[in-house]
Amino acid sequence: MMHFFRKKSVQGFTLVELLVSMAIFVTVITVAVGALFSAQVVNTKLEQTQAVLDGMHLATEVIVREMRYGAWFYCDTSIPSPLPSTRKSCDYPNGGTVLIFKPTAALLGTTDETRDRVAYYLSSGVLYKNEYPYGGTMRVNQITSSDVRVDTLSFYATGLNTTAGTSDYLNVADYNQPLITMIISGETVPRKITSQPVSFSVQTSAASRTLDR
């Protein structure tokens, strides 16, 4: 007996199936590319934020370290001329924008370190530190980098005043330890035109560790 086997025909994809497959593929690729670009934007913002945190952390640490060991604090809204020889508080809510005090170490070129002064202030979005060695030349130091723009700098200080005493550098202290709160706010300066600035705000307080005398 002879058996005849019928060969099965091989069928391919229809045009409709191909179009549906291509549509699904294009949709998946579009979503994946969009997610990739979103991840790049988020990563750029994280890098900017980290740069801000690193820069501002260093700046605030430098200032706070000097405040803790400084003396003869003077808080105001501008740097007076001549430099103050007295102390001055700036209580909440007015506060001040300039902090002047005697540093813990003698400044280069001084002839009398008891009269040395440093001043922290804000100018054109940059945080500066001026050094005033007594009998020497004033020096200006930039504290914040060009990656950030500082919009506000505020100092709130208590315990800086002196009681009525003799003039010049012999004021009688009030014996209240200086407590200073510093608030810095601003935003990053994007390196790319397509990047958006990231805002920041830093607040820190420091009490002088030297005897208020």
Side-chain angles (χ1 to χ4, degrees), residues 45-80 83-84 86-107 113 116-133 138-162 173-190 196-213:
K45 288 186 176 181
L46 289 176
E47 289 179 353
Q48 291 180 354
T49 302
Q50 188 61 47
V52 169
L53 292 177
D54 291 343
M56 296 312 303
H57 177 72
L58 177 61
T60 53
E61 280 296 315
V62 169
I63 300 174
V64 169
R65 182 171 61 250
E66 282 205 283
M67 289 193 303
R68 284 175 178 167
Y69 296 97
W72 291 95
F73 292 90
Y74 184 95
C75 184
D76 208 338
T77 57
S78 62
I79 301 177
L83 288 178
T86 57
R87 312 180 194 192
K88 181 182 178 182
S89 294
C90 46
D91 299 329
Y92 184 84
N94 296 325
T97 55
V98 173
L99 186 66
I100 304 170
F101 57 94
K102 175 186 173 300
T104 180
L107 298 178
E113 64 178 277
D116 286 350
R117 292 294 183 270
V118 294
Y120 284 97
Y121 63 97
L122 178 65
S123 178
S124 301
V126 179
L127 185 60
Y128 289 99
K129 170 190 175 183
N130 286 3
E131 295 182 350
Y132 300 91
M138 185 266 287
R139 292 182 293 272
V140 179
N141 304 284
Q142 182 174 335
I143 302 300
T144 53
S145 68
S146 57
D147 291 334
V148 299
R149 185 184 73 246
V150 181
D151 295 325
T152 60
L153 172 65
S154 301
F155 294 103
Y156 300 97
T158 59
L160 275 58
N161 290 332
T162 56
D174 58 8
Y175 294 102
N176 293 324
Q177 284 300 106
L179 176 62
I180 304 167
T181 298
M182 179 178 62
I183 301 176
I184 305 175
S185 63
E187 61 182 14
T188 61
V189 177
Q196 296 297 320
V198 178
S199 300
F200 65 89
S201 181
V202 180
Q203 176 177 326
T204 183
S205 297
S208 178
R209 294 184 179 180
T210 60
L211 181 62
D212 186 21
R213 52 186 174 81

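Quantities reported herein were computed from a predicted structural model and do not represent experimental measurements.
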Student: Is there a side-chain contact between Lys88 and Cys75, using heavy atoms and a 4.5 Å cut-off?
Tutor: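 With C-beta onward as the side chain, the pair stays apart.
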Student: Ring pair (Phe, Tyr, Trp, His ring centres under 6.0 Å) with Phe101: which residues, sequence neighbours excluded?
Tutor: Phe73
Student: If the condition is side-chain contact (heavy atoms from CB on, under 4.5 Å), which residues does Glu61 pass it with, not counting sequence neighbours?
Tutor: His57
Student: Could you pull out all residues at least two apart from Tyr156 that satisfy side chain to side chain donor-acceptor pair (under 3.5 Å)?
Tutor: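 With sequence neighbours excluded, Tyr156 shows a side chain to side chain donor-acceptor pair (under 3.5 Å) to no residue whatsoever.
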Student: Name all residues meeting the ring pair (Phe, Tyr, Trp, His ring centres under 6.0 Å) criterion together with Tyr120; count only those two or more places apart in sequence or in a different chain, and write none if there are none.
Tutor: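 None.
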Student: Supply the atom-to-atom distance Thr188 OG1 to Phe200 CZ, rounded to the nearest 0.5 angstrom.
Tutor: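 Nearest 0.5 Å value for the OG1-CZ distance: 8.5 Å.
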Student: Can you list the residues that meet the side chain to side chain donor-acceptor pair (under 3.5 Å) rule with Ser205, with sequence neighbours excluded?
Tutor: Thr181
Student: Minimum heavy-atom separation for Arg117 to Lys102, with atom names?
Tutor: NH1-CB, 3.4 Å
Student: List for me each residue that meets side chain to side chain donor-acceptor pair (under 3.5 Å) alongside Tyr128, sequence neighbours excluded, and say none if there are none.
Tutor: none
Student: Excluding sequence neighbours, so at least two apart, what forms salt bridge (Lys or Arg N to Asp or Glu O under 4.0 Å) with Glu66?
Tutor: Lys129
Student: Check for a donor-acceptor pair, side chain of Asp76 on one end and backbone N or O of Val98 on the other, with a separation under 3.5 Å.
Tutor: no
Student: Taking side-chain contact (heavy atoms from CB on, under 4.5 Å) as the test, write out the residues that go with Thr60, two or more places apart.
Tutor: Met182, Ile184, Val202
Student: Say you draw a straight line from CG of Leu127 to CG of Leu122; how long is it, rounded to the nearest 0.5 Å?
Tutor: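 The CG atom of Leu122 is 6.5 Å from CG of Leu127, to the nearest 0.5 Å.
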Student: Flag the pair Phe155 / Thr97 as yes when at least one side-chain heavy-atom distance between them is below 4.5 Å, and no otherwise.
Tutor: no
Student: Of all heavy-atom pairs between Ala157 and Ser89, which one has the smallest distance, and what is that distance?
Tutor: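 Looking at all heavy atoms of both residues, the shortest contact is O-CB, 3.4 Å.
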Student: Taking all non-hydrogen atoms of both residues, which atom of Asn130 and which atom of Tyr121 are closest, and how far apart?
Tutor: OD1-OH, 2.9 Å
Student: Would you compute the distance between atom OG of Ser78 and atom CD1 of Ile100 and round it to the nearest 0.5 angstrom?
Tutor: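 Ser78 OG to Ile100 CD1: 8.0 Å, rounded to 0.5 Å.
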Student: When rounded to the nearest 0.5 angstrom, what distance separates CE in Met138 from CG in Leu83?
Tutor: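 Answer for the CE-CG pair, Met138 versus Leu83, is 9.0 Å.
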Student: Which heavy atom in Met67 sits nearest to a heavy atom in Ala206, and how many Å separate them?
Tutor: CE-CB, 4.0 Å
Student: Got a second to check how far Ser208's OG is from Leu179's CG, nearest 0.5 Å?
Tutor: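 Between atom OG of Ser208 and atom CG of Leu179 there are 10.5 Å.
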Student: How long is the straight-line distance from OG of Ser154 back to CG of Asn94, given to the nearest 0.5 Å?
Tutor: 11.0 Å
Student: Could you pull out all residues at least two apart from Asp151 that satisfy salt bridge (Lys or Arg N to Asp or Glu O under 4.0 Å)?
Tutor: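 By the salt bridge (Lys or Arg N to Asp or Glu O under 4.0 Å) rule, Asp151 matches Arg149.
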Student: List in chain and number order the residues that pass side chain to side chain donor-acceptor pair (under 3.5 Å) with Thr204, two or more places apart in sequence or in another chain; answer none if no residue qualifies.
Tutor: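 Side chain to side chain donor-acceptor pair (under 3.5 Å) check on Thr204 returns nothing, list empty.
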Student: Listed by chain and number, what are the side-chain contact (heavy atoms from CB on, under 4.5 Å) partners of Arg65, not counting sequence neighbours?
Tutor: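 Expected list: Val62.
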Student: List for me each residue that meets side-chain contact (heavy atoms from CB on, under 4.5 Å) alongside Thr152, sequence neighbours excluded, and say none if there are none.
Tutor: Ser185
